Structures are given as C-alpha cells and as structure tokens.
K.L.:
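After the structure tokens below, expect a handful of questions from me.
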Amino acid sequence: MTTLFRSARPLIEDYALIGDMQTAALVGRDGSIDWLCLPRFDSAAAFAGLLGTDQHGFWRICPAVPPGASAQSANHPRYQGETLIVESEWDTATGTVRVLDFMPPREGHAPQVIRIVEGVSGTVEMRSTLSPRFGYGHLLPRIYDEGGRTAAVSGPDALWLDTSVPGAEKDGVVQHAFTVTAGACVAFALSWQLSYAPAPEVPDAEAALALTSAFWEEWVERLVYDGPYREPVVRSLITLKALTHASTGGIVAAPTASLPEEIGGVRNWDYRYVWLRDATVTLSALLRTGYREEAVAWRQWLLRTLGGDPENLQIMYRLDGRRDMPERELGWLPGYEGSSPVRVGNEAVDQLQLDVPGEVIETLALAHEHGVARCESTESLILQLVDYVRRHWREPDDGIWEVRGGRRHFTHSKIMCWVAVDRAVRLAHQGVLDANLDELVSLRDEIHAAVCEQAYDPVRNTFTQSYGSKELDASLLLLPQTGFLPTDDPRVVGTVDAVRRELASDGVLVHRYPTDGRKVGLDGLPGGEGAFLLCSFWLVDALALTGRLAEAERLFEQLLTLRSDMGLLAEEYDPAAQRQLGNFPQAYSMLGLANSAVLLRELRSRAAVPVMAA
C-alpha cells in the first residue's frame, strides 16, 4: 500500500488552481488536493493540509509506490489548453497515466471536484487516498457507505464520493486501490451538500469535463487582447475570472489564507475576501481586455454592498457584502512550513484607508469609458464618495499596505484622494456627473498643493512614504499612472528612480517598504517579507510611462520567468531562496501582469506610428 501521510508540503508554486467561480482548490504536483473550502471561497476548509500536515485533510490520487521504492515517478502537470482543467501525467516503470482535475461551473448542482484517471500506455497501479477534515482540519467526520456511495458527514457539512472502483475506510481515511491500462478510464467525483439536505445527484464525469472545457474556451474567445505575451495574459485572466464569485460578482484577493510572506514568520493573513482596492484593479484588467459582463456584475455588487451609506465604507467585505470577518488564530494548525500563527478572518477590515474611494471612482470611470451603461445609482455613489474624501482627506490613515503600526499621512493615500476628485472632475466635464465643477476643481487643487508641499523631498528629488518621512514606499511607483503630475516631470522620474534604487533587489524585485527582521517595523510586526510582485509590475509600468519602454519590456520578461510551471504567481517572491511566498494565486500579481502587458502593447504601438510633419 502507498504511504498515507507525507512529511512535507510541496512548494507554494508547485500547486495548480482549479475552481468553479464560487470556490477553489489547490492541487499539488504530487497529485494531492491540500486546500479546498466548501461551499464558498470564505467557508471553512474541508482540506487544510496546506497549512499543516496530512492529518488536517487532503485527497491524493497518484501512482502507488511499490514496496522498497524510494520515490514516486515524475509528474508533469499543465493546464489543458486555455482552460482551468489540470492535466497531470506520470511516467512510471510500467506505464504512463494521466489525471484530469477540475471543478465544473455550477449550473444548479452541488459543488463538485472531479478527477478522471486515464491510462495512456502500459499498466499503472494507482491509489486514491481521501482524508476529509472539516472546520479547517479540526473535525473528523463520520464516514459510511450509502447505496454504494461514500458519505463523510460533520455538522452541517457532507461530502459524497462516487467512483466505480471499490474502496475501504479506516480511521477517517478512505482508500481506493486500482489499476489502469492503456485506454481505460476511472472517474472520481466528490460533491458537497448540506448534511440535512437530500444527497446530491451522482455526477456524469465525462459530461462535466466537456461542459467545463467548453465554458473556459468560450470565455477566452471574448478576449480582445491581440498583443505579445498572449499565453501569460490569458492564464492571468482565467485566474482572475476563477477568483470572481459567479453568484455575487465579488472578486476575492486570493483563494487561500495564511500562506506566509516569510517562511517561519508571522505575516500570515486571510485573503479570501473582497478588497475594494484589489477588486477594482482586477476589474480594470478585465475591462481592458474586453470583459464587460464582469464589470456590470461587480458594479451591482458594489451598489448592493455600500447601500446608501458610503460614510461607513469598509476596505473589504465578504463575498455577499456582509461586513463581519473577525480575525482568529487556529492553534491546531502549525502553518505552512511551520509559519504560525494561522489566521482566518482579517481585522484590517476596521482600518481607515483613504485611497479606496479613489480606486473605486477611477474604476467606475473606466467602466463608463468602456461602454458599461451608467445609472443614476452610480452617479449618486460617486458624489457621495467625493464628499467622503472632502471631509476626511486631511486625516492620517492606515495606508494601502494595512500596516498595524499606527496611522500616518501616507502619500499614496493623499494622491488617491486627489484621483477621486480628479476623475469626478473629468466625468463632470463629460456631462456624466451633475456636480459643482468649481468646488471640485478647488478641492483637487488644495489636495495637490498639500502633497507637493509636505510629501516631497527636494534634496533627494523624490516623494516619500508619508508627510515628513525619509522612507520610500513602492506605492509611489503609481505616480506616473495617476496623472497627478506629467510623466516627464523631474519629480516623477526622480521618485521612480529612488524607489528602484532603495527598494528593488537587483533593480527588479521591489519590496513594499523597508523592513528590519531584527525589530518591529512600520507595520507593527517583527521579521521581514519577500518582494511584492505587484510592485515589480508597477515598476515596469512606471519605467514605460517615463519614457524607458525598452527597459520596461526587458524587466517584464524577467518577471515572466518567475511564474510557476502552471503560469501562476503568489503575492511575493523571495529573491534569496528563489521561491514564491504568500497567498496563492494572488489576484494582485496576476492582474499586474495583465495590465503591464496591455500597457506595453499600447505604448509600443504608439512608438511604431510615425509622426506626421506639421
């Protein structure tokens, strides 16, 4: 029999994402699903082995390891075409076997994970080992047979496993041993259902495979991007779509919780929520590549969530717009590679981040530019958000990075307050917004003057992280995108160069802000973190916008080499250990890639157009 439990987790980048646009699972290179929350992204995990050990839940399908063998044969996973179907192939001493892993989009049925084992050549002994543990690996279910189906029940949750091969359960682990030969096929289907509801229907695995493949292929056909780097752009957009909740339109920052920003460190956060900032920037990537339906769905989510009370704006919400997400630590989970504490929920929900109204208004303006029909509710929301900025922009806040070391007058937050008013001015000029234009222009000018006076260091020719500080911050790389100053303004160029000089490893991988592993830093936490991948794409954009297009293209191509074999990116990257860190895959990183590709294409196209003589 195969060994039940593994002693170590795969690297973060050795996982692939599958999902049904309501939840998602991570499938390791070793054939193990180590993370799956059911029935939604923000539900408790039924497989939480990613943040602990196999004792906390997993489901592995792979070739059996013969007695005395030292290692399993190699697996070569990839996505099947432009879909979210993972195709893993093992070449063994006796034959070759392929496993297809996917989650069909829900069309009135229960959440499903389907795994189809196909014989390619020869004969291969296979094992399926299913060990569900509800409540983030804390609750052992009652497992029993019902009419040839395996059920696992704990409280309100039930899993139903359907397959044609016989299995056996012992100590909460269900095992199936079987053999596949060339041309043979064995399917496993795992469905979630409320324990007190009727059992879900037995899935038709082959029909579900065809439906899932057709869904993704048809979705990709809507793409309007025709520039270089198509493959990484498509994979990024598919990932962003997978993180968009189909029922509500909310976009989660990542499908995981508490993957560490430093191995063994304490910067472990839950990202399975809808950050207004992350969602709006994600939406911008989708809009720029032709996906308007997602913009409409997100706008409706936004209007429902904020209701008529933007004064009580939160920086993040749950998928359905609920506001509660209390942060707690799961003491029974040791964390990924011992990185504890493991946290679920996120107390940053109560922070003040004054950049958020700017990002929301900018995205609504972008949606208008791309032909998404405006409505009176959106106009009212924009005016309310501008009024919120008018009353609060002079206050210190917690900043874009959700630091827990006290509020400051963060420069990026002030610039985004300016963006909120500036985009409202533009909409008013276009006749889209019925507002007092003189008052808006006056407010915009007042914010601009304050930032230039209090956030700029003339000695170093750079804007700084906050008023009066000497530290720099990677969010300053957004300065060329905002229109706050012309892109050729010496202060803009100087800021880009200073951030790259002081915060980028080898001038490529950008850290968010300075950290000192020996003491508590700006964010109120000890230790350090990896380079923030989105910030590295911001550097690409900043170089391109400040006239260094060829250099930006070279940097972009370097960043593409950091993607996993599946084309995915986590939140951060460790330049020393050369591995990915943080929650995975991260919407921020994937949208950064897509947005940079679109920008580079646009700027390269402009550069290729000859200038006509006057």
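As the structure is a computational prediction, the values presented were derived from the model and not from experiment.
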K.L.:
Examine the side chains of Arg548 and Thr546 and answer whether a donor and an acceptor come within less than 3.5 Å of each other.
P.N.:
yes

K.L.:
Do Thr23 and Asp20 have side chains that approach each other closer than 4.5 Å (heavy atoms only, starting at C-beta)?
P.N.:
yes

K.L.:
Okay, side chain of Gln351, backbone of Val403: is any donor-acceptor separation there less than 3.5 Å?
P.N.:
yes

K.L.:
For Trp216, give me all partners under ring pair (Phe, Tyr, Trp, His ring centres under 6.0 Å), at least two apart in sequence or on another chain.
P.N.:
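Here no residue qualifies.
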
K.L.:
Knowing that exactly one of Phe410, Trp275, Phe532 qualifies, which makes a ring pair (Phe, Tyr, Trp, His ring centres under 6.0 Å) with Trp401?
P.N.:
Phe532

K.L.:
Can Asp42 and Tyr273 be counted as having a side-chain donor-acceptor contact under 3.5 angstrom?
P.N.:
no

K.L.:
Got a donor-acceptor contact below 3.5 angstrom from the Glu262 side chain to the Gly528 backbone?
P.N.:
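Indeed, once roles are kept as given, a pair shorter than 3.5 Å links the two residues.
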
K.L.:
If you draw the axis of the six-membered ring of Tyr317, does the NZ or CZ of Arg322 fall within 45° of it and under 6.0 Å from the ring centre?
P.N.:
no

K.L.:
More than 12 foreign heavy atoms under 6.0 Å from CZ of Arg328: is that the case here?
P.N.:
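No, not enclosed.
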
K.L.:
Can you name the closest pair of heavy atoms from Leu354 and Glu395 and give their distance?
P.N.:
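The answer is CD1-O, 3.4 Å.
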
K.L.:
Give a yes or no on whether the backbone of Pro341 and the side-chain of Asn268 come within a donor-acceptor separation of less than 3.5 Å.
P.N.:
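Answer holds: yes.
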
K.L.:
Would Asp320 and Thr248 count as a side-chain hydrogen bond (donor to acceptor under 3.5 Å, both in side chains) if you check the C-alpha gap in whole Å, the side-chain angles of each, and the deciding distance to 0.1 Å?
P.N.:
CA-CA 6 Å; Asp320 55 8; Thr248 66; over 6 Å; no

K.L.:
Is a side-chain donor or acceptor of Gln586 paired with a backbone partner of Tyr588 at a separation under 3.5 angstrom?
P.N.:
no

K.L.:
Indicate the atoms forming the closest heavy-atom contact of Arg426 with Thr482, along with that distance.
P.N.:
NH2-O, 4.4 Å

K.L.:
Are more than 12 heavy atoms from other residues, nucleotides or ligands located less than 6.0 Å from atom CG of Asp506?
P.N.:
no

K.L.:
Does this structure show an ion pair linking Arg222 with Glu294, if we count only N-O contacts that are shorter than 4.0 Å?
P.N.:
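Salt bridge present between Arg222 and Glu294.
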
K.L.:
Walk me through whether Trp35 and Phe47 qualify under ring-ring contact (aromatic ring centres under 6.0 Å, His included).
P.N.:
CA-CA 5 Å; Trp35 183 257; Phe47 302 144; over 10 Å; no

K.L.:
What's the shortest heavy-atom distance between Ser536 and Val508, and which atoms?
P.N.:
OG-O, 3.4 Å

K.L.:
Between Ser413 and Asp397, what is the shortest heavy-atom contact and its length?
P.N.:
OG-OD2, 2.7 Å

K.L.:
Looking only at non-hydrogen atoms, find the nearest pair between Ala24 and Leu36 and report the distance.
P.N.:
O-CD1, 3.5 Å

K.L.:
Would Lys414 count as a cation-pi partner of Phe463, with NZ or CZ less than 6.0 Å from the six-membered ring centre and within 45° of the ring normal?
P.N.:
no

K.L.:
For Leu11 and Gln580, run side-chain contact (heavy atoms from CB on, under 4.5 Å): C-alpha distance rounded to whole Å, both residues' side-chain angles, the deciding distance at 0.1 Å, then the answer.
P.N.:
CA-CA 8 Å; Leu11 295 174; Gln580 296 192 30; over 6 Å; no

K.L.:
With distance as the sole criterion, is a donor-acceptor pair present between the side chains of Gln578 and Tyr573 under 3.5 Å?
P.N.:
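Result is no, nothing qualifies.
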
